[in-house]
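Working notes, beginning with the structure itself.
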Amino acid sequence: MWRPERLRRGLGLGLLAAALSLGGAAQAEAPQSVPQSVPLSQASVAQIEHAAAAALAAGQRADALALARALLARDPENPLGHYVIARLMLGAGQTETARTEARLSFSKAQSPRQHYEAARVAAQVAVAEKRWAAAQYWARQTIQFAPDARARAVGVSDFRRLRAASPLSFSVKLGIRPSNNVNGGADERTNVIDGFDAVGWLSDDAMALRGVAGTADVDAGWRIAQDAKSETRLGLSGYARVVELSGTPMMVPPYAPGTPAPAPVEIPNSEYSSASLAVNLRHSRVLAPGLNGAATVEAGRSWQGGTPGYDWGALRLDGSKALSRTTRLSFGAGYEHRDWVDSPRQDDRRSLNLGLGLSGKAGDWGLGVSAASLGSTSAQARSWSVSGSVRYAPKAQIGPVSLSLSAGVSTTVYPDYTMLGFHPAGGRQDDMVYAELGLWAPKMGLAAFTPEVKLQALQVHSNVSRFSRSEISVAVGWRSAF
């Protein structure tokens, strides 16, 4: 329950300024510095607001309801009138009316504090009706309009409890990413293999192409079992990437030596589109105080350029251990089997990862290392890789803007890779380094979602120059503000 002083301060009402006559209703005792009563017909909107808030705070439900209705008769757009009725109807168990009035109070609110208070009662109504998705939405609105750090922390805690209570989980990530190398093409036209004198010539579609990539990543889950220490969820996930190339890039189709070159054709956008769809079953459990574990099985299909790529089945084990109040260790292992559509190729991928998260007064750090191997019936695809990354998010802001800094390195080796019969010593090796700057404004946005801009730079050096590339991109999307 809100304290009366929080209610009055939140809606800008102050202490009772006038006690209004209302039919035969009992009058509230007024401070000696104000008149004992004012006829309702002669009272101003501000006076009725004061009296309605005071009646609500004092538990004088009949007076508060009558005053709120009188207030809305004078000013149908008044957010306080709708708010008072919402509070009263919630207390009376009339949640349908309370829901409507809470929404009206929020939509008519004229200040951040009014939005905050209206969102709180709307969330309480949603909880009373066990509408968990709606309750999470309104909890996010309390975070968006929180008047201070303490209220924001309470809103974040409420949201997380509601999310844990809801059987349905759902997330959507959308992004737009302009890039100078949207297709992962090579920097140089010539193709050189270290250790060999032969020089190849790359086609136009193998070169870096400018464009814009749009992505959508959707995850949904439904809790099918739960006890005090564990839960099981059935989930569905989908991913899609579409590309719009800049201008009208052209390429000459392949042709046999000694024959006339065919006419150039446009490089299709669809060549660089991709998608995936999967279903999964996840069981998570508290193994010991501070130690959590989860197991996930998943099956799905991927598409590349509109054509089915491969079907996969995967098993993933993850865990985390709290080392202290500010430090957490995470770890995981995975196995994935891939059956390529319309091809005899099969792959088996194995992976390990280890991470460390540290939260300090100045900011939050994240460190990670991983290793993976891909066994395949295709000699060209067999590989192993190792990678490391670091992320820092300072708590200090630049004006309204928060930022994060990330960087990482990786090495991928294809030991059996050959090109036109040439086999680089030790196999093909791709060394990658990247850096990223993320910018967002936590107090700007909608329902505690805020726009985010990521400036990204990437450089890959390979002993097969076809795979040496660089990229600079700007990713624009939405992220949670907490």
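Here the structure is a predicted model, which is why all the values come from computation and not from measurement.
- Side-chain contact, R338 with S376: no donor N or O sits under 3.5 Å from an acceptor N or O.
- Using a 4.0 Å cut-off between a side-chain N of Lys or Arg and a carboxylate O of Asp or Glu, R316 and D318 qualify as a salt bridge.
- Within 6.0 Å of NZ on K395 lie more than 12 heavy atoms contributed by other residues, nucleotides or ligands.
- No cation-pi contact links R345 to Y310, judged by a cut-off of 6.0 Å to the six-membered ring centre and 45° from its axis.
- Considering CG of D227 and CZ of R285, their distance stands at 5.5 Å, rounded to 0.5 Å.
- Surrounding CD of E188 are at most 12 heavy atoms belonging to other residues, nucleotides or ligands under 6.0 Å away.
- For the 3.5 Å distance criterion, the side chains of E129 and T95 qualify, holding a donor opposite an acceptor.
- In this structure, S373 OG and D347 CG are separated by 11.0 Å, a value rounded to the nearest 0.5 Å.
- The line from CG of L356 to NZ of K321 is 14.0 Å long, rounded to the nearest 0.5 Å.
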Checklist entry - Between L329 and L354, does a side-chain contact (heavy atoms from CB on, under 4.5 Å) hold up when you go through it step by step? => result CA-CA 8 Å; L329 180 70; L354 184 67; 3.7 Å; yes
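- Salt bridge D217/R241: absent, no basic N to carboxylate O contact under 4.0 Å.
- Remark: the N280 side chain and the T296 side chain contain no N/O donor-acceptor pair separated by less than 3.5 Å.
- The ring of F106 has its center closer than 6.0 angstrom to the ring center of H115.
- For the residue pair T327/S324, the side-chain donor-acceptor check at 3.5 Å is satisfied.
- Counting heavy atoms of neighbouring residues, nucleotides and ligands inside a 6.0 Å radius, atom CG of D342 does not exceed 12 of them.
- Note that NE2 of H82 is 14.0 Å distant from CZ of R103, once rounded to the nearest 0.5 Å.
- In R189, the CZ atom is crowded: over 12 heavy atoms of neighbouring residues, nucleotides or ligands sit closer than 6.0 Å.
- In this structure, Q144 contributes its side chain and A448 its backbone to a donor-acceptor pair below 3.5 Å.
- Under 3.5 Å, the side chains of H283 and T232 contain a donor-acceptor pair of N or O atoms.
- A donor-acceptor contact shorter than 3.5 Å links the side chain of R223 to the backbone of A164.
- Taking OH from Y392 and CG from L405, the interatomic distance works out to 8.5 Å, rounded to the nearest 0.5 Å.
- In terms of modelled atom types and a separation under 3.5 Å, the side chain of T450 and the main chain of M444 share a donor-acceptor contact.
- A donor atom on one side chain and an acceptor atom on the other are not found under 3.5 Å apart for E266 and T248.
- One distance of note links CZ of F482 with CZ of F449; it measures 7.0 Å at 0.5 Å rounding.
- With a 6.0 Å radius and a threshold of 12 heavy atoms from other residues, nucleotides or ligands, L236 has its CG atom above the threshold.
- Remark: side-chain polar atoms of S359 are not paired, donor with acceptor, to backbone N or O of T326 under 3.5 angstrom.
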